[in-house]
2 protein chains.
Amino acid sequence: MRSNPRTTGQSDAEPTFTEAARRAQILRHAIDVVADHGYAGASLNRIAEHAGISKGLISYHFAGKDDLLKAIVLDVFTRGGGFLYERETRKPATAGGALRSYLEGHLAFIGSHSREVGAVVEVVRNLRNDEGRLVYDNAWDAETYGELMGIFEAGQASGEFREFDPRVMAIAVRRVIDGFTFQVMGSPDVDVAAFTAEVVALFDHATTPRERS
Amino acid sequence: MRSNPRTTGQSDAEPTFTEAARRAQILRHAIDVVADHGYAGASLNRIAEHAGISKGLISYHFAGKDDLLKAIVLDVFTRGGGFLYERETRKPATAGGALRSYLEGHLAFIGSHSREVGAVVEVVRNLRNDEGRLVYDNAWDAETYGELMGIFEAGQASGEFREFDPRVMAIAVRRVIDGFTFQVMGSPDVDVAAFTAEVVALFDHATTPRERS
DNA sequence: CGAGGATTTGACCGCATGGTCAAAACTGTA
DNA sequence: TACAGTTTTGACCATGCGGTCAAATCCTCG
């Protein structure tokens with residue numbers, strides 16, 4: 001057989017042991033290449049060379065380059081979700097605590113997986129569909145604002161937070177979190193804990209009223 | 001003569017009227033194409049077609065694609081500087097006022113020049129030199145933090161601002177400002193004034209102490 | 001007009017890209 | 001051993017890329 005039926009969605013059988021391992025290996029090397037050379041520099045040839053395999057093998061395990069790049073996003077998101085799930089011991093009692101936990105969790109994941117997150121950011125910001133539109137557009141990452149906006153609305157309902165537009169605040173939080181990726185990728189010796197403390201304090205002040213309650 | 005001496009830096013004579021106009025025209029169309037199709041989709045062929053000229057003409061007026069892209073950045077930065085200069089009537093008296101002015105000025109420019117700024121962001125985030133490193137790296141945009149950090153340090157010295165890391169706060173401000181570009185590019189009907197007011201309030205609370213003085 | 005520089009075209013080059021495929025190699029089973 | 005299914009290779013393809021160049025055109029001024 002010349003191509004894998006699973007790559008074209010014609011089969012939903014259990015993936016072989018070999019297949020799973022090979023896909024994981026390709027994903028790892030693809031992440032490395034994207035992180036090192038950027039979206040434009042991540043060619044299938046370069047990824048194959050980096051992994052020590054032939055280019056055709058990538059086409060055998062993935063339907064195409066876009067499929068591979070989307071798989072990177074899915075893989076890192078899944079790992080990030082697991083990281084955050086294992087980290088959360090119990091639900092914070094206050095909205096401020098929830099926001100703090102959100103920031104600390106996400107920044108900790110980025111600090112310990114900067115290359116993976118960097119590759120994802122690269123793909124998300126650049127991958128376009130056939131019509132030339134971004135695959136991961138504003139509407140897409142608006143979905144990721146949901147959790148944050150929930151925290152903000154709860155805090156405002158309880159009077160813990162001041163009045164502000166939850167959407168704008170969510171955008172700001174996500175922008176600062178994603179920006180941390182570039183900081184740590186640009187200079188890997190940044191102090192994750194110090195940065196986290198600063199950001200937590202920043203948004204603590206930004207969300208709460210100035211007057212003491 | 002087969003190529004323009006000015007594109008290869010072999011002449012510093014006054015540019016012709018035709019040359020200046022042609023360069024400006026190419027820049028405008030290049031900005032359009034980058035804004036519409038992203039960095040990866042902005043080929044010389046596409047830019048030439050969009051401008052209704054031949055591809056060779058671009059090579060005649062610019063030393064190469066990289067030169068053209070850097071010219072986009074320089075052009076928009078120059079225009080932005082002029083915009084902000086004309087906007088500033090007089091120096092704000094307080095650090096809080098300076099920060100507010102900084103935010104309002106930059107967000108106003110983005111709101112009225114979203115495509116230009118979007119193209120610049122695309123180039124800055126993607127253009128790499130021959131060794132594969134980003135041309136506009138962390139060290140480069142750290143320079144743009146200077147003005148913000150000056151405002152923060154002045155405010156802390158006068159006791160107007162609380163104690164925080166000026167570098168982290170500057171990164172946060174720039175991230176939120178640049179993020180606004182994507183918001184307005186993704187949906188051009190966003191309310192610039194409302195967003196600006198929210199961001200001003202956000203960083204006003206973030207920088208000032210909670211206790212009333 | 002016509003000389004000469006400035007401008008513009010369109011054909012062309014070498015190269016890297018994403019993708020395909022027949023053949024080979026490998027693997028397990030009988 | 002022979003067989004069948006899976007996995008892997010390496011050569012190959014069409015396409016688009018950035019860039020070059022000889023030739024054609026335009027423009028200005030004597």
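Predicted model only: the values in this text are computed from it and were never measured.
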Once you round it to whole Å, what is the distance between [atom2] of [N] and [atom1] of [X]?
| X | N | atom1 | atom2 | answer |
| --- | --- | --- | --- | --- |
| B:Glu49 | C:dG10 | CD | P | 13 Å |
| A:Ile58 | D:dT8 | CD1 | C1' | 12 Å |
| A:Lys65 | C:dT17 | NZ | C1' | 8 Å |
| A:Leu57 | C:dA25 | CG | C1' | 13 Å |
| B:Phe62 | D:dG18 | CZ | C1' | 15 Å |
| A:Arg23 | D:dT6 | CZ | C1' | 16 Å |
| A:Leu68 | C:dT17 | CG | C1' | 15 Å |
| B:Ile26 | C:dT9 | CD1 | P | 10 Å |

Each nucleotide N or O in nucleotides 25-27 of chain D that has a protein N or O under 3.5 Å away: list the pair and distance.
none

Considering just the side-chain nitrogens and oxygens of [X], establish if one lies under 4.0 Å of OP1 or OP2 belonging to [N].
| X | N | result |
| --- | --- | --- |
| A:Ser59 | C:dG19 | no |
| A:Asn45 | C:dA16 | no |
| A:Arg22 | D:dT8 | yes |

Donor/acceptor link under 3.5 angstrom from B:Lys55 side chain onto base of D:dG19 =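 By the distance-only test, yes, there is a pair.
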Atom CZ of A:Arg115: over 12 foreign heavy atoms under 6.0 Å =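 Atom CZ in A:Arg115 is crowded, with more than 12 foreign heavy atoms closer than 6.0 Å.
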What's the closest nucleotide to the side chain of [X] if the choices are [options]?
| X | options | result |
| --- | --- | --- |
| B:His61 | C:dG19, C:dT8, D:dG18 | C:dT8 |
| A:Tyr60 | D:dT7, D:dG18, C:dT8 | D:dT7 |
| A:Ile53 | D:dC17, D:dT9, C:dT8 | D:dT9 |

query = For the rings on B:His205 and A:His205, is their centre-to-centre separation under 6.0 Å?
reply =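 Ring centres of A:His205 and B:His205 not closer than 6.0 Å.
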request  = Over 60° means perpendicular and under 30° means parallel, so classify the ring planes of A:Phe152 and A:Phe161, tilted if in between.
outcome  =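 Judged by the thresholds at 30° and 60°, the geometry between A:Phe161 and A:Phe152 is tilted.
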inquiry  = Mind checking if B:Ser54 touches a base, just sugar-phosphate, or nothing, with heavy atoms under 4.0 Å?
reply    =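 Base: the residue B:Ser54, judged by heavy atoms under 4.0 Å, touches a nucleobase.
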request  = Describe the nucleic acid contact of A:Leu44 in one word from base, sugar-phosphate, nothing, applying a heavy-atom distance below 4.0 Å.
outcome  =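 Sugar-phosphate, backbone atoms only, no base.
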request  = Please confirm whether A:Arg125 makes a cation-pi placement over B:Phe182, using NZ or CZ under 6.0 Å from the six-membered ring centre and within 45° of the ring normal.
outcome  =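 Relative to the ring axis of B:Phe182, which defines the angle, A:Arg125 lies inside both limits.
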Cation-pi geometry met for A:Arg100 and A:Phe203 (6.0 Å, 45°) =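 No, A:Arg100 and A:Phe203 do not form such a contact.
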ask   = Should A:Arg174 and A:Asp141 count as an ion pair when the cut-off is N to O under 4.0 Å?
value =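 Salt bridge absent between A:Arg174 and A:Asp141.
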Got a list of side-chain donor-acceptor pairs under 3.5 Å for residues 72-92 of chain A, not counting sequence neighbours?
residue, atom, partner, partner atom, Å
A:Asp75, OD2, A:Arg79, NE, 3.4
A:Asp75, OD2, A:Arg79, NH2, 3.0
A:Thr78, OG1, A:Leu74, O, 2.7

